[in-house]
Amino acid sequence: MIDPRLLRESPDVLRESQRRRGEDVGLVDRLVELDAQRRSLQMAYDDVRSEQKHLSKRIGPLQGAIKRGDTSAQGELDALMAEATGLAERVKAADAEAAEATRLAGDAWLRLSNVVDMRAPVGGEENFEVLETVGTPRDFTAEGFSPRDHLELGEMLKAIDVERAAKVSGSRFYFLTGVGALLELALLNLAVAQATRNGFIPVVPPVLVSPRAMEGTGFLGQAAENVYRIESDDMYLVGTAEVPLGGLHADEILPADSLPLRYVGWSTCFRREAGTYGKDTRGIIRVHQFDKVEMFVFCDPDDAEAEHERILRWERDFMDALEIPYRVIDVATGDLGSSAARKFDIEAWIPTQGTYREVTSTSNTTQFQARRLSIRTRTGDEVRPVATLNGTLCAMPRMIVALLENHQRADGTVSVPAALRPLLGLDVLELP
RNA sequence: GGAGGCGUCGCCUAGUCCGGUCUAUGGCGCCCGCCUGCUAAGCGGGUUUGGGGCAAAAACCCCAUCGAGGGUUCAAAUCCCUCCGCCUCCGCCA
């Protein structure tokens with residue numbers, strides 16, 4: 001949800017934002033209309049309701065007087081009652097109209113995406129801008145062997161088992177076994193340790209959430225088709241810890257001196273991956289279920305941009321520690337998702353694909369989620385929504401893909417980056 | 001899953017049986033001021049949030065807000081219904 005004042009004072013900003021996203025520009029004008037309607041009908045209700053309250057207030061004492069035997073008040077009482085009864089009808093009607101207008105306006109608000117940061121490159125998925133490329137991809141030709149892809153390596157190491165997972169759960173599932181499982185645990189520990197050092201509070205959140213949390217974080221809009229819904233209980237399986245972490249402080253006013261409030265969540269993530277048939281079908285790059293370590297921050301809106309840079313820095317630190325070549329991209333407006341104003345992805349070099357693939361993503365959702373979830377802070381006398389930001393620290397399968405492929409050796413063994421060695425207890429992943 | 005208890009403006013709390021005097025009581029905390037060598041205490045005032053009136057700031061006013069939603073009524077914190085959450089006990093269970 002965006003600031004209602006923006007709609008009234010500068011709808012052009014919203015129109016331009018919608019245009020850059022490639023979303024419905026007319027929605028803005030319908031919202032202006034619905035908002036005006038809502039206000040005028042609410043005002044009409046307020047007035048008639050006020051009248052009713054004043055009238056009602058005079059009835060009690062009159063009834064009291066009559067009860068004490070003062071029959072002279074009877075005439076006045078009857079007149080008041082008659083008037084009040086008629087008024088009650090009008091109140092009811094006005095209430096219904098105002099409620100309907102509020103509902104219509106509310107529905108439209110929920111369809112409006114966050115205002116994009118005007119510095120974000122305009123366009124679709126392919127119109128990202130590369131901000132920086134870090135590290136140098138290995139030259140396997142010079143090393144005298146052609147790299148194996150992560151699935152081949154994973155199978156040789158008995159670390160990844162996709163075939164048997166298909167038996168148990170279907171396509172796009174996997175078992176991590178042996179060193180594969182250990183690798184995930186080591187990555188988890190490395191990530192949480194880094195985040196904790198940086199002042200993040202570690203969290204193990206629920207992954208089954210209410211519609212409120214899902215809608216508040218913006219995942220029931222165009223992203224809804226990728227969400228698993230538990231029909232029988234009206235619950236959702238989260239696609240990221242961003243959802244429960246965002247909801248953590250719903251309906252709260254956070255003390256200004258508690259900000260920024262940083263959480264690092266470790267959770268399983270569930271994604272339907274609708275509309276990705278035929279895409280990344282091999283291996284564990286695109287799966288229905290995986291674990292992820294996610295950073296989530298509540299901060300002062302004026303500090304959000306700087307915090308976004310910090311989160312990106314921490315994501316890069318993690319990649320640097322794992323010695324994986326990567327690039328940082330500024331995601332284009334059409335690929336932001338409804339809640340983000342700006343998004344930076346880190347893409348790891350994947351040798352067997354000869355390209356960079358997304359491994360982390362950090363979004364500045366400004367006050368969009370906070371407004372929906374009613375998460376505010378007090379600055380002096382002013383109460384206003386906080387800003388929220390999120391960023392991947394480590395998405396397990398993709399990080400494992402990047403590790404195996406980039407650090408593989410000619411014989412199929414994999415050297416472990418120094419930062420991970422003490423946590424894994426191994427310098428090399430040997431063939432079993 | 002069954003039975004019972006509970007949910008009030010940051011925290012605690014009065015009010016709910018019996019609808020109107022609730023403009024929701026009091027305490028704690030917090031803010032402003034007074035008093036005061038300093039601090040503490042004391043005294044006075046303020047202190048839910050949201051939507052509007054209103055282009056902006058202040059003041060003021062209106063409406064909503066007593067877990068949520070609906071109903072009864074001229075009028076609901078209070079009566080009725082549904083739902084949610086918390087606590088206790090029982091059952092089942094990792």
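Nearest-nucleotide assignment on RNA chain B puts the 5′-proximal partner with A:R5, out of A:R5 and A:Y45. Of the residues near RNA chain B, A:H54 and A:M43, the one whose nearest nucleotide (by heavy atom distance) lies more toward the 5' end is A:M43.
Scored by the ring-ring contact (aromatic ring centres under 6.0 Å, His included) test, A:H407 finds no partners at all (sequence neighbours excluded).
A salt bridge is absent between A:D117 and A:K343: the closest approach of a Lys/Arg side-chain nitrogen to an acidic carboxylate oxygen does not fall below 4.0 angstrom.
Minimum heavy-atom separation, A:F298 to A:H249: CE1-CD2, 3.6 Å.
Ring geometry, A:Y228 versus A:H288: the interplanar angle exceeds 60°, so the pair is classed perpendicular (tilted spans 30 to 60°).
One finds a side-chain N or O of A:R376 lying less than 4.0 angstrom from the OP1 or OP2 phosphate oxygen of B:G50.
You'll find that the side chain of A:S50 is closest to B:C62, out of B:C62, B:A56, B:G50.
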Please test A:D46 against A:R49 for salt bridge (charged side-chain N to carboxylate O under 4.0 Å, His left out), starting from the C-alpha separation and ending with a verdict.
CA-CA 5 Å; A:D46 286 353; A:R49 173 67 176 150; over 6 Å; no

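Backbone-only contact: A:R378 has heavy atoms under 4.0 Å from sugar-phosphate atoms and none from a base. Nucleic acid contact for A:R212: none, since no nucleic acid atom lies under 4.0 Å from a heavy atom of the residue. The residue A:I253 sits close only to the backbone: its heavy atoms come under 4.0 Å of sugar-phosphate atoms, none of a base.
On a pure distance criterion of 3.5 Å, no polar donor-acceptor pair joins the side chain of A:D46 and the base of B:G53.
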Where along nucleotides 69-85 of chain B does protein come under 4.0 Å, by heavy atom, of base (B) or sugar-phosphate alone (S), with - for untouched nucleotides?
---S-BSS---------

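A donor-acceptor pair under 3.5 Å is absent between the side-chain atoms of A:R398 and the main chain of A:R357, judged by distance alone.
Distance check on atom P: B:U36 versus B:G29 gives 24 Å, rounded to whole Å.
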